[in-house]
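This report concerns only the one structure given below.
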Amino acid sequence: MQPILFRIGEITLRTYGFFVAVGVLFAYNYVRYFGVKLKNIDKEFLSNFLFYTILIGFLGGRVGYVVGNFEYYRNNLLDIFKIWEGGLVFYGGFILGLLFGIFYVILNKKDLLDIMDISSVGLYLGLSIGRIGCFFAGCCYGMPTESFLGVVFNHPESLAPIGVKLLPTQLFESFYSFLIFLILHFFLIKNILKKRLFFLGGMMYAVFRFINEFFRGDNKDTLLYNIFSPAQVISIAVFILFLALFFYITKWKEKFLK
């Protein structure tokens with residue numbers, strides 16, 4: 001694939017950074033627009049909330065990636081800051097961003113579940129676009145294959161193995177993230193399962209991510225007991241927790257679903 005979008009002298013625009021930036025832009029504007037239109041949330045609050053939460057989310061995603069590749073970064077400390085070259089762990093950003101977002105919303109005395117609803121829809125829209133950047137960069141690549149789905153990375157700066165036919169697991173995640181976005185967007189517009197969309201989206205993502213991890217080729221040295229990857233263990237935990245919270249809110253709907 002093409003990890004470099006263009007290079008002019010010392011200026012380089014990496015395809016990964018471009019798609020991540022576009023994904024963030026789309027997600028940011030989606031949440032701002034529908035947060036005001038459907039939830040009547042203050043626009044200034046939303047702008048501040050999104051800015052800080054996205055920033056913290058990127059930090060969590062980068063920390064997760066660095067920890068998972070510590071053997072490399074311990075000898076290349078400056079490369080930790082080269083986020084534009086690729087290297088974000090979704091669950092790292094998701095968890096840290098979520099914790100900060102909850103804190104920020106409660107601090108400002110806003111409706112937490114309403115904001116989680118609208119934010120979750122934008123999250124999967126942004127993720128679906130950002131994962132295309134992963135594909136071009138070659139990170140998060142799949143296992144070798146002889147199927148028609150396989151793609152070959154030939155660019156010398158690709159993060160994937162060169163000249164090997166691999167499953168495009170990045171595009172698999174882009175596809176199912178966009179599917180989750182479409183489902184959540186429909187429910188949001190139709191006011192279905194209100195104040196539970198965040199947990200519904202999290203459960204769907206956990207299932208898809210758990211399955212997709214079996215086809216990844218970049219994480220085989222991190223398998224736990226040669227069975228599950230760390231992302232699969234987190235997926236299981238997220239699914240169970242979110243399922244419990246989904247039914248808890250539904251059971252006590254008179255309290256939560258106003």
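When all heavy atoms of Ser158 and Gly138 are compared, the pair lying nearest together is OG-CA, 3.8 Å. Taking all atoms of both residues into account, the shortest heavy-atom contact from Ile249 to Lys195 is CD1-O, 3.9 Å. Residues Met204 and Ile183 share a closest heavy-atom pair of SD-CD1, 4.0 Å. For Ser47 against Arg32, the heavy-atom pair with the smallest separation is OG-NH1, 2.7 Å. For Leu193 against Phe187, the heavy-atom pair with the smallest separation is CD1-CE1, 4.0 Å. Residues Ile118 and Val31 come closest through the heavy atom pair O-CG2, 3.7 Å.
Both cation-pi conditions hold for Lys110 and Phe45: the charged atom is under 6.0 angstrom from the six-membered ring centre and inside a 45 degree cone around its axis.
Taking the ring centroids of Phe178 and Phe181, they lie under the 6.0 Å cut-off. Taking the centre of each ring, Phe242 and Phe198 come in below the 6.0 Å mark. Between Phe172 and Phe208, the ring center distance fails the sub-6.0 Å criterion. Checked against the 6.0 Å centroid criterion, the rings of Tyr16 and Phe136 do not qualify as a close aromatic pair.
Between the side chain of Asp218 and the main chain of Ala160, no donor-acceptor pair closer than 3.5 Å is present.
Looking only at atom types and distance, the side chain of His185 has no donor-acceptor partner in the side chain of Tyr124 under 3.5 Å away. No side-chain donor from either of Arg131 and Ser177 sits under 3.5 Å from a side-chain acceptor of the other.
The closest side-chain heavy-atom distance from Asp111 to Ile115 is not below 4.5 Å. Using a 4.5 Å heavy-atom threshold, the side chains of Leu188 and Lys39 count as touching. Using a 4.5 Å heavy-atom cutoff, the side chains of Phe210 and Phe239 are not in contact. Using a 4.5 Å heavy-atom threshold, the side chains of Leu113 and Phe199 count as touching. Val207 places none of its side-chain heavy atoms less than 4.5 Å from the side chain of Ser235. By the 4.5 Å heavy-atom criterion applied to side chains, Leu241 and Leu245 are counted as neighbours. Looking at heavy atoms from C-beta onward, Cys140 lies out of side-chain contact with Glu173 at the 4.5 angstrom threshold. Between Phe247 and Leu243 the shortest side-chain heavy-atom distance falls below 4.5 Å.
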request  = Please step through side-chain contact (heavy atoms from CB on, under 4.5 Å) for the pair Met116 and Ser119, ending with a clear verdict.
outcome  = CA-CA 5 Å; Met116 290 174 74; Ser119 297; 5.8 Å; no
message = Walk me through whether Leu171 and Phe175 qualify under side-chain contact (heavy atoms from CB on, under 4.5 Å).
response = CA-CA 6 Å; Leu171 296 185; Phe175 173 78; over 6 Å; no
key: CA sep, side-chain torsions, deciding dist, call: Val24, Ile54, side-chain contact (heavy atoms from CB on, under 4.5 Å)   = CA-CA 8 Å; Val24 168; Ile54 290 172; 3.9 Å; yes
key: Steps toward side-chain contact (heavy atoms from CB on, under 4.5 Å) verdict (Val36, Ile41)   = CA-CA 5 Å; Val36 174; Ile41 303 171; 5.7 Å; no
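Residue pairs meeting the salt bridge (Lys or Arg N to Asp or Glu O under 4.0 Å) criterion with at least one partner in residues 148-159, sequence neighbours excluded, are Arg7-Glu157, Arg14-Glu157.
A single hydrophobic cluster is not seen to contain both Ile162 and Val164; linkage of ILVMFWY side chains at heavy-atom distances under 4.5 Å, directly or through other members, places them apart. Linking ILVMFWY residues whenever their side-chain heavy atoms come closer than 4.5 Å, directly or via other members, places Leu182 and Ile180 in the same cluster. In the hydrophobic clustering of ILVMFWY residues, with side-chain heavy atoms under 4.5 Å counting as a link, Ile56 and Phe103 come out apart.
For Asp117 and Arg196, the salt-bridge test fails: no basic side-chain N is under 4.0 Å from an acidic carboxylate O.
Annotation: the span from Leu127 atom CG to Phe26 atom CZ amounts to 15.0 Å, rounded to 0.5 Å.
The aromatic rings of Phe153 and Phe135 sit perpendicular to each other, their planes meeting at more than 60°, with 30° as the lower class boundary.
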